[in-house]
Amino acid sequence: MLSREQLRAIRRIQIRASHLVNDVFAGQYQSAFKGHGIEFSEVRHYLPGDDVRTIDWNVTARTGIPHVKRFVEERELTVMLVVDASASSRFGTVRSLKSELAAELAAVLAFSAIASNDKVGLIVFSDRIEKAVPPKKGPRHVLRVIREVMNHEPQGRTTDIPLALEYLARVTRRRCVVFLISDLLQEGIARPLAVAARRHDLVAVLLEDPRDWALADVGLVSLQDPETGFRCTVDTGDPELRCAYEAYQAQRRKDRDRCLHAARIDAVCVSTDRPYAEPLIRFFRRRERRR
């Protein structure tokens, strides 16, 4: 049973996401993600001006009246939201936690999908599959997806992206649009990402925080790794320490970006210190221009 505070939080995200989809994105999602071909619609009588290449000669011969085949774009897509719920997602130093940012992004993407009559499914993962919601349509289903992302209490602490992608491969029969929402800083994910990208239209939504890449000079600080529990005290006033940290994190980001580029995976970076609408808009427009 959800508390009043949780219900209010879900309602706030619903209102904000609906506003962005209706007033800001306004069809950009549909332009960025098109169907994967055309499908047969019907056979009807030939009319002057119809392309003769569409004549159905079998039906024409059987009836003695010219008929043509009609095709429509196969618009309907299945969108899968694969959301990282490991302990490292419950980190944020500015406007929100990464987990809260992930919930809002999932809501915006889900509402964009149903506005285009697409199906939406959900996989929440840590070092295990925490929650799976099969793809369906409709506002009520999207509210369920948002509720699961916001209020699920994960049992695992660490991150296992290959496990999530392997599970995705088992539960999806057709090509999907997959939004992988995570910081993607786990090692050993290059091959699983490449395999998933060959089967699906995989988009990496990268959750970031300013402290991921640089330490603030605030003196002695006690730090704890949220996934392993390791604790240490560091002197952030030491410029050599800060430089070493920045160099290490810059290399991790470089390795991640190289991995995504090699697999030809589109990526959009969103951060806890600034609104996410503008990066999403740039991403949608970039996809639309490429198509």
Side-chain angles (χ1 to χ4, degrees), residues 16-38 73-84 95-96 98 101-121 142 161 165 168 172 174-185 189-190 192-210 212-213 250 252-291:
R16 190 179 302 126
S18 298
H19 163 70
L20 286 171
V21 171
N22 294 329
D23 300 337
V24 180
F25 297 147
Q28 291 180 355
Y29 162 89
Q30 188 169 9
S31 298
F33 299 98
K34 295 183 180 296
H36 302 299
I38 59 174
E73 181 188 4
E74 187 184 0
R75 165 60 232 176
E76 182 181 293
L77 302 175
T78 296
V79 175
M80 293 297 298
L81 305 174
V82 183
V83 182
D84 182 354
R95 296 161 59 104
S96 63
K98 289 182 180 180
L101 183 58
E104 289 210 30
L105 289 164
V108 168
L109 295 170
F111 276 112
S112 296
I114 65 163
S116 297
N117 201 37
D118 295 336
K119 296 179 181 179
V120 182
V142 168
I161 292 171
L165 296 177
L168 172 70
T172 54
R174 299 181 59 190
R175 181 177 175 85
C176 303
V177 176
V178 180
F179 291 99
L180 176 56
I181 305 176
S182 172
D183 58 20
L184 250 67
L185 291 175
I189 60 174
L193 285 174
V195 170
R198 285 196 293 268
R199 181 173 182 181
H200 300 293
D201 186 353
L202 180 59
V203 178
V205 183
L206 306 176
L207 305 176
E208 299 185 344
D209 184 89
D212 286 338
W213 316 117
R252 293 184 77 194
R253 174 190 267 178
K254 185 177 180 180
D255 292 342
R256 181 194 67 186
D257 294 347
R258 185 187 300 117
C259 169
L260 294 173
H261 180 73
R264 298 184 178 180
I265 296 173
D266 283 337
V268 52
C269 293
V270 292
S271 181
T272 59
D273 66 337
R274 56 183 182 269
Y276 56 80
E278 187 57 36
L280 280 181
I281 290 172
R282 288 198 303 269
F283 165 71
F284 287 151
R285 288 175 177 171
R286 187 169 69 246
R287 291 270 306 206
E288 183 179 1
R289 286 197 300 271
R290 193 166 70 234
R291 286 183 176 275

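The structure displayed is predicted, hence computed values, not measured ones.
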**Request:** Mind checking the CG-SG spacing from D118 to C176? Nearest 0.5 Å is all I need.
**Result:** 10.5 Å
**Complete:** dist D209:CG -> T272:OG1 (nearest 0.5 Å) comes out at 3.5 Å
Please enumerate all residues that pass side-chain contact (heavy atoms from CB on, under 4.5 Å) together with [X], with sequence neighbours excluded.
X: R252; result: L185, Y248, Q249
X: A190; result: C259
X: D273; result: V94, P210, S271

**Request:** State, with a plain yes or no, whether a side-chain heavy atom of M80 is found less than 4.5 Å away from one of F179.
**Result:** no
**Prompt:** Do L180 and L202 touch side chain to side chain, with heavy atoms closer than 4.5 Å?
**Reply:** yes
What pairs with [X] under salt bridge (Lys or Arg N to Asp or Glu O under 4.0 Å), at least two apart in sequence or on another chain?
X: D266; value: R287, R290
X: R274; value: none
X: D183; value: K98
X: E104; value: R16

**Prompt:** Mind checking what makes ring pair (Phe, Tyr, Trp, His ring centres under 6.0 Å) contact with F284, not counting sequence neighbours?
**Reply:** F25
**Complete:** With sequence neighbours left out, the residues meeting ring pair (Phe, Tyr, Trp, His ring centres under 6.0 Å) with F283 are none
**Request:** Start with the C-alpha gap between E208 and R256, add the side-chain angles, then the distance that decides, and say whether salt bridge (charged side-chain N to carboxylate O under 4.0 Å, His left out) holds.
**Result:** CA-CA 13 Å; E208 299 185 344; R256 181 194 67 186; 2.9 Å; yes
Which residues share a side chain to side chain donor-acceptor pair (under 3.5 Å) with [X], sequence neighbours left out:
X: T172; value: H200
X: R258; value: D255
X: S112; value: none

**Item:** Member of V177, D201, V120 meeting the side chain to side chain contact (heavy atoms under 4.5 Å, CB included) criterion with L77
**Value:** V177
**R175 side chain vs R199 backbone, donor-acceptor pair below 3.5 Å** = yes
**Message:** If you compare all heavy atoms of V142 against all heavy atoms of A110, which two are closest, and at what distance to 0.1 Å?
**Reply:** CG1-CB, 3.7 Å
